[in-house]
Amino acid sequence: MSRRQQKKAHGQVRQSQLITSFGPGSMMDLPDHSVLISGLDAWSSGGEEIIEPRLTDKLKELFDPPLQALRLYSPPPDSEDPTAPQTGITAWQFPEWFITQDVDREASQGAVRSRMLVPRRMLTKGKFIDDNRKKRNVVPIRFVRACRSGHIGDIDWYTFSHFHETDCRRPLWIEEVGTSGDIAEVYVRCECGSRRPLAEAVGFSAGALGHCDGARPWLGPYAREQCNELNRLLIRQASNAYFSQLMSVISLPDRNENLHEAVKSAWDFIGEVEDAGMLQYERKKSKVHALLEDFKDEEVFAEIKVIRGETPQITKSVKHAEMETLISSKDELGDDKPDGNFFARNLPREVWDKPWMNSVQRIVLVHRLREVMAQVGFTRFEAVSPDIDGELEIGVRRAALAREITWLPAVENRGEGIFIQFSSDAVEKWVARVDVIARGTRLLAGYDAWKAEHHGATKKFVERGGLLPYVLFHSFSHMLVTAVSLECGYPASSIRERIYSIPDVGYGILLYTGTSDAEGTLGGLVQVGRKIHEHIRNALEMGELCSNDPVCGQHEPANMHERRFLHGAACHGCLLISETSCEHHNEFLDRALVVPTVDNLGIEFFKMAAE
């Protein structure tokens, strides 16, 4: 690897992009170079520390062994002051093989276009000088090798073109047959006469590129690790070249802290209770009732035992804690301060109570909201998303961001949102229906077909845990994002979702804006929330018909020809939205669970009763 030292930066990206699209280990095209973003060890200091204890505690447990100390910092910003110490991100030149831009006329015959394949060591000041002393412009080769563990490197073009290891070092050529640019029309040729189609390198287990050597060039030249994976062909700027693994939390008033304070305040009355019956008796006293009225008996009794030291405090999942806080509010939650992290108010039921809203239990307008998002690692070829509880799996295969983790890059986003809670009784009755269970079986068959093609994949189908409601509300959320974006003034790509499907707590969705500047706090989403019943009706009406029906509505998840295994009735014409908005990469969607479709399955959750 070569490191280019220069006083002036080669390019700039937004801070948020450095934990999403262009984090450590990602490939990036700068104006004059193709580079690999370095690991955290080579980032300059200068970012601000972000404090979010709930997220930090969760992230510590993801590493093996768990970290004792961890901090979150924003990526180093550009000071825009020429006299200030230089900050920035180191980038390593990658790949180190290039092809000439001009077609070799002597080698070009008919529709075959030949370009010389040149290693970096043969370049002089970024140009290749051929045997005729002619300077020829070059561009980085678009093909590299990688494995599912995130390791990456240049293809051994000599070995590939000769089908085996060789001492031949004659000039290599990339030949394109035809004009489509399809990989099936690309060949690698050596001047010794050996020629091989690049298509032989495509596939999960082709083996044409050999076994991975464990190279981690983003961490420096001596950072290899053992790896038994087969190399796979990777196109540098393909969508599957880099998947940032993120974890985020919404900064909410700590319900556990409020419970702890309430129990301590009432300790003189309840400190000696031995069972729920004694607790109920003590709660009849006016002072105790006033202190504990926001909390359930089981919560209070569990906290009493924690204070006594009889049981350890249970760490709740990310979404579990958020959902409990959102539904605990009666009228107002948080502080309405200009720099506040959270402020929300319930919308009175008489404002939104309509026949099609029968399954809705609560509407909360979130005026102020803070989201903290941190990058833990990254993957290639397959994205690994948080589970439906917002948690990342411990021990999942992910590429490291640094040789030794002491801090992680994070961003702090502020915005606003709308929270919709649904009736648990209505959801439980719906999910117990025979026809709904049958639909879940068909969705599961699609997942099994997908998994059969992705050996070693870690993605889990949420229905396996009996959580089919997640697919329902995930699909409904996408409908609502599209409907709301037409009215609130924000583009659909700037509205994000958070799906809550926790049988012990409740069901709901949170639509929110999140941005590091002031754009997400202009009030448009909250204003839309005051007429949320109208937007829900519009979303449901639009969802009944797709421009691709009946193909969309009658799609079978396990269909081997369409190969949309993780979709029911879902496509770009109805449910698919920007992947920056979706928490599950536009997967696990089915419009038929939400509204009636052309297939008329009768399994829809929402009933559009006459107004």
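Nothing here was measured: the structure is a model prediction, and the numbers come from that model. As a basis for the values below, the full set of heavy atoms in this structure was taken, side chains included, without hydrogen atoms, waters or symmetry mates.
A donor-acceptor pair is defined here as one N or O able to donate and one able to accept, closer than 3.5 Å; such a pair exists between the side chain of H478 and the backbone of L575. Formation of a donor-acceptor pair under 3.5 Å by the R236 side chain with backbone atoms of I141 is found in this model. Under a 3.5 Å cut-off, the side chain of S161 and the backbone N or O of V188 do not form any donor-acceptor pair. Between the side chain of T166 and the backbone N or O of T159, no donor-acceptor pair lies under 3.5 Å. Between the side chain of S248 and the backbone N or O of V372, no donor-acceptor pair lies under 3.5 Å. Of the possible donor and acceptor atoms, none in the side chain of R142 sits under 3.5 Å from a partner among the backbone N and O of I235. R232 places no side-chain N or O within 3.5 Å of a backbone atom of A146 that could act as its donor or acceptor partner. Judged purely by atom type and a 3.5 angstrom limit, R403 uses its side chain to pair as donor or acceptor with the backbone of L219. Here the side chain of S26 pairs no donor or acceptor atom with the backbone of Y242 at under 3.5 angstrom. In this structure, N586 contributes its side chain and L576 its backbone to no donor-acceptor pair below 3.5 Å.
Side-chain contact check for H474 and E587: no donor-acceptor pair (N or O, by modelled atom type) lies under 3.5 Å. Between Q375 and S244, the side chains place a donor N or O and an acceptor N or O closer than 3.5 Å (distance only, hydrogens not considered). Between the side chains of E497 and S477, at least one donor N or O sits under 3.5 Å from an acceptor N or O. Side-chain contact of H555 with E562: a donor-acceptor pair under 3.5 Å is present, judged by distance alone.
Across T90 and A42, no two heavy atoms sit closer than the pair OG1-O, 3.0 Å. Of all heavy-atom pairs spanning A410 and I19, the tightest one is N-CG2, 4.2 Å. Between W92 and P217, the closest heavy-atom pair is CD1-O, 4.0 Å. Between C212 and C147 the shortest heavy-atom distance is SG-SG, 3.7 Å. When all heavy atoms are compared, the tightest approach of S547 to G573 is OG-CA, 4.0 Å. For the residue pair L234 and N240, the shortest heavy atom distance occurs at CD1-OD1, 3.6 Å.
Within the 4.5 Å cutoff, side-chain heavy atoms of I405 are placed close to those of L67. Contact of the T56 side chain with the L72 side chain is registered, since non-hydrogen atoms from C-beta on lie closer than 4.5 Å. Annotation: side chain of I174 is not in contact with side chain of F143 (no heavy-atom distance under 4.5 Å). A heavy-atom distance below 4.5 Å is found between the side chains of C546 and C571. With contacts defined as side-chain heavy-atom distances shorter than 4.5 Å, the pair P95/L36 does not qualify. Contact of the R113 side chain with the E176 side chain is registered, since non-hydrogen atoms from C-beta on lie closer than 4.5 Å. A heavy-atom distance below 4.5 Å is found between the side chains of P171 and M116. Annotation: side chain of I89 is in contact with side chain of S38 (closest heavy-atom distance under 4.5 Å).
Salt bridge R148/E382: absent, no basic N to carboxylate O contact under 4.0 Å. With respect to R170 and E191, no salt bridge is recorded, no charged nitrogen being found less than 4.0 Å from a carboxylate O. Between E49 and R71, at least one side-chain N (NZ, or NE/NH1/NH2) sits under 4.0 Å from a carboxylate O, which counts as a salt bridge. Under the 4.0 Å criterion applied to side-chain N and carboxylate O atoms, E175 and R115 are not assigned as salt-bridge partners. Between R564 and E556, none of the side-chain N atoms (NZ, or NE/NH1/NH2) sits under 4.0 Å from a carboxylate O, so this pair counts as no salt bridge. A salt bridge links E371 with R496: at least one charged nitrogen is closer than 4.0 Å to a carboxylate oxygen. Between D599 and R439 no salt bridge is recorded (no basic side-chain N to carboxylate O distance below 4.0 Å). The existence of a salt bridge linking D154 and R145 is excluded, since no basic side-chain nitrogen approaches an acidic carboxylate oxygen closer than 4.0 Å.
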Between N137 and T100, does a side-chain contact (heavy atoms from CB on, under 4.5 Å) hold up when you go through it step by step? CA-CA 6 Å; N137 292 327; T100 54; over 6 Å; no

Please determine whether ring pair (Phe, Tyr, Trp, His ring centres under 6.0 Å) holds for the pair Y158 and W97, giving the CA-CA distance in whole Å, both sets of side-chain angles, and the decisive distance to 0.1 Å. CA-CA 12 Å; Y158 293 113; W97 280 84; 5.6 Å; yes

Working for side-chain contact (heavy atoms from CB on, under 4.5 Å), residues F378 and Q245: CA-CA 5 Å; F378 66 90; Q245 195 170 24; 5.6 Å; no

Please evaluate residues I155 and L233 with respect to the criterion side-chain contact (heavy atoms from CB on, under 4.5 Å), reporting the C-alpha separation (whole Å), side-chain torsions for both, the decisive distance (0.1 Å), and the verdict. CA-CA 9 Å; I155 294 173; L233 185 70; 3.6 Å; yes

Evaluate the side-chain contact (heavy atoms from CB on, under 4.5 Å) criterion for residues Y187 and L198: first the C-alpha distance (whole Å), next the side-chain angles of each, then the deciding distance (0.1 Å), finally the verdict. CA-CA 5 Å; Y187 293 80; L198 193 60; over 6 Å; no

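With rounding to the nearest 0.5 Å, the separation of CE in M247 from CG in L55 is 6.0 Å. Taken to the nearest 0.5 Å, the CG atom of D549 stands 7.0 Å off from the SG atom of C574. For the atom pair SG (C552) and NE2 (H572), the distance works out to 11.0 Å, reported to the nearest 0.5 Å. With values rounded to the nearest 0.5 angstrom, F94 atom CZ is found 12.5 Å from I37 atom CD1. In this structure, OG in S34 is found 7.5 Å from CE in M27, a value given to the nearest 0.5 Å. Atom CG of residue L593 and atom CG of residue D590 lie 4.0 Å apart, to the nearest 0.5 angstrom.
Among residues two or more places apart in sequence or in another chain, the ring-ring contact (aromatic ring centres under 6.0 Å, His included) test is passed with F243 by none.
Two rings, from F22 and W218, have their centers 6.0 Å or more apart.
Between F160 and W157, the angle of the ring planes goes over 60°, which puts this pair in the perpendicular group of the 30/60° scheme. Ring planes of Y447 and F588: tilted class, angle from 30 to 60°.
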